[in-house]
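Taking it in order: structure first as structure tokens, then the write-up.
Naming: A, B, ... by sequence-line order, numbering from 1 per chain. The analysis underlying the following values was restricted to heavy atoms, covering all of them including side chains, and did not include hydrogens, waters or symmetry mates.
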Number of protein chains: 2
Amino acid sequence: MHEFLWWAFRSKQMEEKSCMVDAGKRRDEQGVSQLQRAGKCLPPFLSKTYELVDRSGAEHVVSWNEEGTAFVVWLPEDLSQFLLPKYFKHCNFSSFIRQLNTYGFRKSASDRWEFRHEKFQKGKAHLLGEITRRKCEPSIYPSHLKAREKGTVIEDSHLLEENKILQRENSELLLQIARYKALQSELMNSLPQFMASNKKARLLS
Amino acid sequence: MHEFLWWAFRSKQMEEKSCMVDAGKRRDEQGVSQLQRAGKCLPPFLSKTYELVDRSGAEHVVSWNEEGTAFVVWLPEDLSQFLLPKYFKHCNFSSFIRQLNTYGFRKSASDRWEFRHEKFQKGKAHLLGEITRRKCEPSIYPSHLKAREKGTVIEDSHLLEENKILQRENSELLLQIARYKALQSELMNSLPQFMASNKKARLLS
DNA sequence: GGGAATATTCCC
DNA sequence: GGGAATATTCCC
């Protein structure tokens with residue numbers, strides 16, 4: 001469905017140079033890209049979402065809340081259909097929410113689509129850089145390992161697979177430890193040096 | 001740029017119901033989706049790429065090679081601009097190639113854009129299901145595990161034992177890391193304090 | 001809400 | 001070619 005939309009547009013776009021295209025281009029350049037350029041390497045999702053909320057030109061669809069501490073999607077349908085595709089490669093409200101969650105936004109009201117993130121506030125675009133995307137942390141106990149504990153029989157291949165995963169995790173952990181050790185010894189080495197130079201300074205004074 | 005295209009189209013699409021749209025929809029339904037429906041849960045990339053090669057209707061842009069054992073992109077520019085966006089959410093030749101590589105396709109000629117995969121051949125769409133997407137394999141494959149796989153049969157109990165050991169090792173390593181982290185932050189916290197007291201000592205002396 | 005697979009981009 | 005980050009989809 002969405003592929004079709006994208007395709008249909010492209011077909012159309014290629015056989016006619018409409019003025020809409022230029023209008024669109026201008027909008028894009030002074031809109032989304034502006035923040036992007038200013039904000040070093042802000043993830044596109046953040047700059048685009050800020051744009052979307054701050055100047056979609058459709059406050060009846062999405063806007064800041066009264067305090068400017070969160071934003072509210074008043075008309076999810078319209079957001080999906082008209083606004084999302086302006087900024088993203090889809091028109092699904094659920095995909096938008098998935099991204100919000102990935103970046104740590106929370107639904108902050110039960111009776112409306114209000115989303116909040118400490119670093120996402122009206123007039124404070126400079127805070128956006130402090131929003132971090134959640135990584136998929138290496139889980140210590142993968143879900144499929146848990147299953148085994150319930151007592152069912154697992155074949156060799158499964159165990160072998162688990163073994164591999166554990167080995168990988170092990171290597172990764174060892175690497176982390178090595179890094180910590182290096183950092184540690186660096187610190188410990190520089191400390192006496194630092195103290196010595198300090199002592200010297202005192203003696204000289 | 002691409003976001004803009006997508007957006008511009010959507011804006012346009014919403015204010016006019018062109019017959020192109022319906023044509024596009026029909027094409028999409030009998031094209032891409034057909035294979036998809038037939039082939040259980042074939043990754044979209046494979047069904048779409050097969051479609052693209054097999055019936056893009058632009059053989060001067062992309063087609064099977066003579067034997068039907070590979071496909072050739074004759075006009076990368078045109079593929080990117082006109083065909084890719086029909087099937088995917090982008091118009092980048094490089095993104096297309098990235099996906100081909102992910103699925104194990106190889107460039108099979110040095111003088112033209114010919115790509116090949118054993119299970120991707122003219123008239124053999126039923127083989128597509130055997131193409132697997134490459135996962136990010138662990139680069140370090142423990143040698144002792146390798147040896148055992150090819151060699152003698154090992155019982156569950158062995159693997160289970162090893163698993164337990166690895167799990168224990170893992171926990172131990174995690175604990176070590178936690179200790180390092182604590183020590184680290186302790187050091188980092190006490191450093192400025194230490195400096196301050198040193199300065200004070202100097203002032204008093 | 002979020003895990004995980006797939007897709008797209010960016011970069012070496 | 002492919003690693004890795006981000007985006008989109010699918011599913012629990």
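Across all strands, A/F96 comes closer than 4.0 Å to no nucleic acid atom at all (heavy-atom distances).
In this structure, NZ in B/K122 is found 12.0 Å from NZ in B/K124, a value given to the nearest 0.5 Å.
In this structure, the NE2 atom of A/H117 is 13 Å from the P atom of C/dG1, given to the nearest Å. Atoms CG (A/L100) and C1' (D/dT9) sit 16 Å apart, rounded to a whole Å. A straight line from CD of B/Q99 to C1' of C/dA5 spans 11 Å, rounded to a whole angstrom. With rounding to whole Å, A/N101 atom CG is found 17 Å from D/dT6 atom P. Here the C1' atom of nucleotide D/dT9 and the CZ atom of B/R133 are 12 Å apart, to the nearest Å. With rounding to whole Å, A/L46 atom CG is found 10 Å from D/dT6 atom P. The nearest whole Å value for the distance from the NE2 atom in B/H90 to the P atom in D/dT8 is 13 Å. Spacing between atom CG of B/L84 and atom C1' of C/dA7 amounts to 13 Å, rounded to whole angstrom units.
Taking the centre of each ring, A/F115 and A/F120 stay at or above the 6.0 Å mark. Taking the six-membered ring for Trp and the full ring otherwise, the centers of A/F105 and A/W113 sit at least 6.0 Å from each other.
Here D/dA7 is the nucleotide among D/dT8, C/dA7, D/dA7 with the atom lying nearest to any side-chain atom of A/P44. The listed nucleotides are D/dA7, C/dT8, C/dA7; the one nearest the side chain of A/F45 is D/dA7. Set against D/dT8, C/dT8, C/dT9, the side chain of B/R98 has C/dT9 as its closest nucleotide.
Side-chain nitrogen and oxygen atoms of A/N92 include at least one within less than 4.0 Å of the OP1 or OP2 phosphate oxygen of D/dT9. Remark: A/K89 is not in phosphate contact with D/dT9, judged by side-chain N or O atoms under 4.0 Å from OP1 or OP2. Applying the 4.0 Å criterion to OP1 and OP2 of C/dA7, one finds that B/Y103 has a side-chain N or O inside that range.
Scanning both residues, B/L52 and B/Y87, for their nearest heavy atoms gives CD1-CE1, 3.6 Å.
Counting distance only, with no hydrogens placed and no angle test, the side-chain atoms of B/R134 and the base atoms of D/dG3 include no donor-acceptor pair under 3.5 Å.
No more than 12 heavy atoms of other residues, nucleotides or ligands lie within 6.0 Å of CD in B/E66, so this atom counts as exposed by the packing criterion. Counting non-hydrogen atoms of neighbouring residues, nucleotides and ligands closer than 6.0 angstrom, the CD atom of A/E77 reaches no more than 12 such neighbours.
When the side-chain hydrogen bond (donor to acceptor under 3.5 Å, both in side chains) test is applied to B/K119, the partners found at least two apart in sequence or on another chain are B/E130.
Interface residues of residues 104-111 of chain B facing DNA chain D, ordered by number: B/R106, B/K107; criterion, heavy-atom separation under 4.0 Å.
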